[in-house]
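Below, read A as the first sequence line, B as the second, and so on, with proteins coming before strands; counting in each chain starts at 1. Atoms considered below: every heavy atom in the structure, side chains included; atoms not considered: hydrogens, waters and symmetry mates.
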Amino acid sequence: MADKITSREKDYSEWYNDIVKHAGLAEHSAVKGCMVIKPYGYAIWEFMQAELDRKFKETGHVNAYFPLFVPKSFLSKEAAHVEGFAKECAVVTHYRLKTSDDGKEVIVDPEAKLEEELIIRPTSETIIWNTYRNWIQSYRDLPLLINQWANVVRWEMRTRLFLRTTEFLWQEGHTAHASEEEALAETRQMLEVYAEFAEKYLGIPVIKGIKTANERFAGAVETFCIEAMMQDGKALQAGTSHFLGQNFAKAFDVTFLDKSNKPEYVWATSWGVSTRLIGALIMAHSDDDGLVLPPKLAPVQVVIVPIYKRQEELEAIGAKVAPLVQALKSKGIRAKFDNDDAKKPGWKFAEHELKGVPLRIAIGPRDMENGTAEIAFRDTKAKQSITFAELENEIPKILDQIQEGIYLKALRFREENTHYVNSYEEFKKVLDEKSGFIFAHWDGTSETEEKIKEETKATIRCIPLDNPQEDGICIYSGKPSKQRVIFARAY
RNA sequence: CGGGGUGUAGCGCAGUCCGGCUAGCGCACCUGGUUUGGGACCAGGGGGUCGUAGGUUCGAAUCCUGCCACCCCGACCA
């Protein structure tokens, strides 16, 4: 195995970068903080999109598209919202370029200054609520259940491929409801959609919870989230669903007439997941040999590598394999016969491991004689011989088994790295020596959360839903507490 | 924005300290041959404004100044 990939133990960040680069997922672009998502990485995003889009439609949502640009004045209409995003907005000030007087370069035409600057959306609540005002008049117009697939820009100081880039791709759902109960139900429903997607597709176990005031979305009344654990024990927020109350309805004057002909402000939600999920996928499952993909999101699920000496042998293997590939494709399985004559088997093995292909099948002269094949599992590295005739029926089962195995491995990892502590000393010790999720009592104040963050870099990731209630004392302040919350260092 | 590091062929690097012939190596690529059950081998070949702009010098990848980009560690955040 060529040492293309830095080991996780040696340098976790480098390992992550190596995976992204060598598996061909993305690369840095000529624009600071922005990435080029390469075809292999984008294919994974497309599988995510397809499944999420299906789930959104199934729950009654429709897609629409709103502008990239937001008038500056819109952003300032909701106080908490503007405060949350003001520091990271890209601003368009001019609409024309011209050639400089010496003819050597292109400059901004000072004559072409915009009357009102345009913000490149960091999220679309404002432009959408400004639009919804015109769409909503009566309770009969509700609920309004819209999603959009879009790019957004947040001018972060420090970026990391997929995890935090200046521009990223996401979906943002924005819904309007006639009652608080209904909006809350929608918020919870979409959280469930995300959680199920994370566990069934990404193979990543997540904890559903509520954010504390410090971590809440700017402009939300309540932020729900799914939190995942990465292999270095750090937490990653994998999706959020916000109950916005009537904050944006009031800011943009969105009212409806209820059944008794009384004007009421609309209740709102918004929810989103982004290309960050690709980063989660990498950090949850991959190993020192490369990417490990759950079958449901793998662009190639099964690769068949022929082993041969002479051209006739390759042709014979090709002829044997073609009906299998066809049969698998008709079952919806993404199978590939890697008959590239320029690469040797060993090279192909390494390459497909690097790219995370879940299942590899090798067929050589011995197999041709015996009517067998060698199957190799990417996730466990296990290899075994199987009769060729069984492949067609076994492969779908094996892929399901791999999908499940990846999830269970991640779940076991999370359980092994979840700790319960009862004192601040113990808290700091566990955080430094073991990392992971720490369940501890907290007095419920922002001040305490702030202090702990300053001193340890750990934040409250969430208060789990259906959290068991138990009396205890806050590890920091010693004040009484009714429940434990999850602390962790986070991405 | 602070601290540290890097920028030389598609990729990975040496050369830079101490300026000097035609800028080198591995991988990849092209041609031919031998190979093929875990990143094959031999022979021949193509590919470079040495990040960029300026300066010093007879002469700059090498010295000086500015700028740009990226990586790692912080602060900010999804």
Asks: Can E27(A) and K38(A) be counted as an ion pair, charged N to O under 4.0 angstrom?
Replies: yes
Asks: In Watson-Crick or G-U wobble terms, both distances under 3.5 Å, what is the partner of rU6(B)?
Replies: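 Check on rU6(B): paired to rA69(B), both distances under 3.5 Å.
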Asks: Please confirm whether K343(A) makes a cation-pi placement over W347(A), using NZ or CZ under 6.0 Å from the six-membered ring centre and within 45° of the ring normal.
Replies: yes
Asks: In plain terms, say whether D287(A) and K409(A) are close enough for a salt bridge, that is, a side-chain N and a carboxylate O under 4.0 Å apart.
Replies: no
Asks: Name all residues meeting the salt bridge (Lys or Arg N to Asp or Glu O under 4.0 Å) criterion together with K348(A); count only those two or more places apart in sequence or in a different chain, and write none if there are none.
Replies: D338(A)
Asks: Tell me whether the OP1 or OP2 atom of rG37(B) has a side-chain N or O from K344(A) closer than 4.0 Å.
Replies: yes
Asks: Rounded to whole angstrom units, what separation is found between the CZ atom of F162(A) and the C1' atom of rC77(B)?
Replies: 19 Å
Asks: Measuring only the C1' atom in each nucleotide, how far is rG48(B) from rC11(B)? A whole number of Å is fine.
Replies: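 That atom pair is separated by 15 Å.
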Asks: Rounded to whole Å, how long is the line connecting atom CD1 of I375(A) with atom C1' of rG37(B)?
Replies: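 Going from I375(A) (CD1) to rG37(B) (C1'), I get 16 Å.
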Asks: With rounding to the closest Å, how many angstrom separate the P atoms on rG47(B) and rG37(B)?
Replies: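 Between the two P atoms, the distance is 34 Å.
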Asks: May I have the distance from E14(A) (atom CD) to rC73(B) (atom P), rounded to whole angstrom?
Replies: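 Rounded to whole Å, this separation is 8 Å.
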Asks: Counting only Watson-Crick or G-U wobble pairs whose two distances fall under 3.5 Å, which nucleotide matches rA23(B)?
Replies: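 No nucleotide pairs with rA23(B).
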Asks: Tell me, for nucleotides 41-47 of chain B in 5' to 3' order, what letter each nucleotide earns: B for a base near a protein heavy atom under 4.0 Å, S for only sugar-phosphate near one, - for neither?
Replies: -------
Asks: Hey, does the side-chain of K457(A) have a donor or acceptor N/O within less than 3.5 Å of a partner on the base of rG74(B)?
Replies: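 No such pair is found, so the answer is no.
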Asks: Quick one: look up who rU16(B) pairs with, Watson-Crick or G-U, both distances under 3.5 Å, and put none if it's unpaired.
Replies: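 For rU16(B), the partner nucleotide comes out as none, under the 3.5 Å rule.
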Asks: Just name whichever nucleotide pairs with rG32(B), Watson-Crick or G-U, keeping both distances under 3.5 Å, else none.
Replies: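 For rG32(B), the partner nucleotide comes out as rC42(B), under the 3.5 Å rule.
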Asks: Salt-bridged, E222(A) to R188(A), with N to O below 4.0 Å?
Replies: no
Asks: By side-chain hydrogen bond (donor to acceptor under 3.5 Å, both in side chains), which residues pair with R54(A), not counting sequence neighbours?
Replies: E51(A), E58(A)
Asks: If pairing requires Watson-Crick or G-U wobble contacts with both distances under 3.5 Å, which nucleotide is the partner of rC1(B)?
Replies: rG74(B)
Asks: With E192(A), which residues qualify under salt bridge (Lys or Arg N to Asp or Glu O under 4.0 Å), at least two apart?
Replies: K208(A)
Asks: Between R366(A) and L163(A), which residue's closest nucleotide on RNA chain B lies nearer the 5′ terminus?
Replies: R366(A)
Asks: Is there a Watson-Crick or G-U wobble partner for rG59(B) with both distances under 3.5 Å, and which nucleotide is it?
Replies: none
Asks: Of M157(A) and R154(A), whose closest RNA chain B nucleotide lies nearer the 5' terminus?
Replies: M157(A)
Asks: Check the distance between rA75(B)'s P and R164(A)'s CZ and give it to me in whole angstrom.
Replies: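 Checked: the CZ to P distance equals 12 Å.
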Asks: May I ask you to evaluate whether R158(A) reaches the phosphate of rC73(B), defined as a side-chain N or O under 4.0 Å from OP1 or OP2?
Replies: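 For R158(A), the contact criterion (side-chain N or O under 4.0 Å from OP1 or OP2 of rC73(B)) is met.
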Asks: Could you tell me the separation between the CE atom of M35(A) and the P atom of rA69(B), rounded to a whole number of Å?
Replies: 19 Å
Asks: If a protein heavy atom is under 4.0 Å from the base, mark B; if only from the sugar-phosphate, S; if neither, -; do that for nucleotides 26-32 of chain B going 5' to 3'.
Replies: ---S---
Asks: With rounding to whole Å, what would you report as the distance between rU62(B) and rG19(B) at their P atoms?
Replies: 12 Å
Asks: So does K348(A) get a side-chain nitrogen or oxygen closer than 4.0 Å to the phosphate oxygens (OP1/OP2) of rG39(B)?
Replies: no
Asks: Hey, mind stepping through D18(A) and R8(A) against salt bridge (charged side-chain N to carboxylate O under 4.0 Å, His left out) and telling me if it holds?
Replies: CA-CA 10 Å; D18(A) 285 345; R8(A) 283 163 293 185; over 6 Å; no
Asks: Under the salt bridge (Lys or Arg N to Asp or Glu O under 4.0 Å) test, which residues partner E433(A), sequence neighbours left out?
Replies: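 Here the qualifying residues are K429(A).
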Asks: Could you check how far NE2 of H81(A) sits from C1' of rC77(B), rounded to whole Å?
Replies: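 About 15 Å, once rounded to whole Å.
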Asks: Is the shortest distance from a Lys or Arg side-chain nitrogen in E156(A) or R154(A) to a carboxylate oxygen in the other one below 4.0 Å?
Replies: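 The answer is no: the pair does not qualify as a salt bridge.
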